Amino acid sequence: MPLNERDRIEILMMIGVGDRMRTQQEVCRLFHEMHPDREPVSQSTVSRIERKYRELGHVRDAPRQGRPKINENVQQDVILSALENPHCTVRQVSRDLNIGKSSVSNIFKKVKYHPYRVRLIHELAEDDFDRRTEFCEYMMDHNNQNNGFIANILFSDEATFFLNGHK
């Protein structure tokens, strides 16, 4: 179990000052005697605590490295922005709130929102309705003439569409 700030200060007090200083081995033994239920500290731990105090003047933990966490207020702002304008993109939310796109995406993922953009894949021409109707009538006629006609058709979920009608 890591030592908290109070334990580190206690170890510094056990080391002492001036001519009343204890060795690291004595400090380890004394700390273990005072806290028999805890894991004993090593000499390197005592040495590290003493060096940190001499260099920095305190025994607090150093600030953690890495990207800071996004606080709850920012998360709520992102969610409210999506609720107020559901057609707004992740980029727009990111720009409006001055936070990263990946952070906005992570917040959306956390609350199970799925951002997407509607894209039109192909356009319909004027005569497409008539051609669809003709195809349906053709299929119904063939099915009436031959009962197993539709069962012999193999449907695939793969398709390629071109706007200009070429293959």
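Quick caveat, the model's predicted, so the values are computed rather than measured.
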Which atom pair, heavy atoms only, marks the closest approach of [X] to [Y]?
X	Y	answer
D7	N4	N-OD1, 2.9 Å
E50	I15	CB-CD1, 4.0 Å
V59	K52	O-NZ, 4.0 Å
H87	Q92	O-OE1, 4.4 Å
M14	M34	CE-SD, 3.2 Å
R38	P2	NH2-O, 4.2 Å

Flag the pair [X] / [Y] as yes when at least one side-chain heavy-atom distance between them is below 4.5 Å, and no otherwise.
X	Y	value
Q76	N73	yes
V93	D77	no
V27	V41	no
T45	F31	no

Treating Ile, Leu, Val, Met, Phe, Trp and Tyr as nodes and any side-chain heavy-atom pair under 4.5 angstrom as an edge, say whether [X] and [Y] lie in one connected cluster.
X	Y	value
F129	Y138	no
L3	L56	no
V111	I99	yes

What's the separation between atom [atom1] in [X] and atom [atom2] in [Y], rounded to the nearest 0.5 Å?
X	Y	atom1	atom2	result
R29	Q24	CZ	CD	14.0 Å
H58	L12	NE2	CG	12.0 Å
N146	D141	CG	CG	12.5 Å
K112	H114	NZ	NE2	8.0 Å
D37	H32	CG	NE2	9.5 Å
I70	I107	CD1	CD1	4.0 Å

In this structure, are over 12 heavy atoms from other groups packed under 6.0 Å from [X] atom [atom1]?
X	atom1	value
N71	CG	yes
E33	CD	yes
M21	CE	yes
N98	CG	no
F108	CZ	yes

Worksheet item: Counting only N and O atoms by type, is there a donor-acceptor contact under 3.5 Å from the side chain of N144 to the main-chain atoms of M140?
Response: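 Checked: pair present.
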
Discussion item. Quick one: does any side-chain atom of D128 pair with a main-chain N or O of A125 as donor and acceptor, under 3.5 Å?
Written reply: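 Judged by distance alone, yes, a pair lies under 3.5 Å.
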
Practice prompt. Return yes if a side-chain donor-acceptor contact under 3.5 Å exists between S102 and S105, otherwise no.
Written response: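 Absent: no donor and acceptor within the cut-off.
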
Item to complete: State, without any angle test, whether E10 and H35 hold a side-chain donor-acceptor pair at a distance under 3.5 Å.
Response: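 Distance-only check passes for E10 and H35.
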
Discussion item. Between the side chains of D61 and R8, is the shortest nitrogen-to-carboxylate-oxygen separation below 4.0 Å, so that they form an ion pair?
Written reply: yes

Worksheet entry | Derivation and outcome, side chain to side chain contact (heavy atoms under 4.5 Å, CB included), residues R131 and D127 | CA-CA 6 Å; R131 289 169 50 200; D127 65 335; 3.7 Å; yes

Item to complete: Check V74, L97, V78 against V104 for a side-chain contact (heavy atoms from CB on, under 4.5 Å) and give me the one that passes.
Response: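 So, applying the side-chain contact (heavy atoms from CB on, under 4.5 Å) to V104 and each of V74, L97, V78, only V78 qualifies.
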
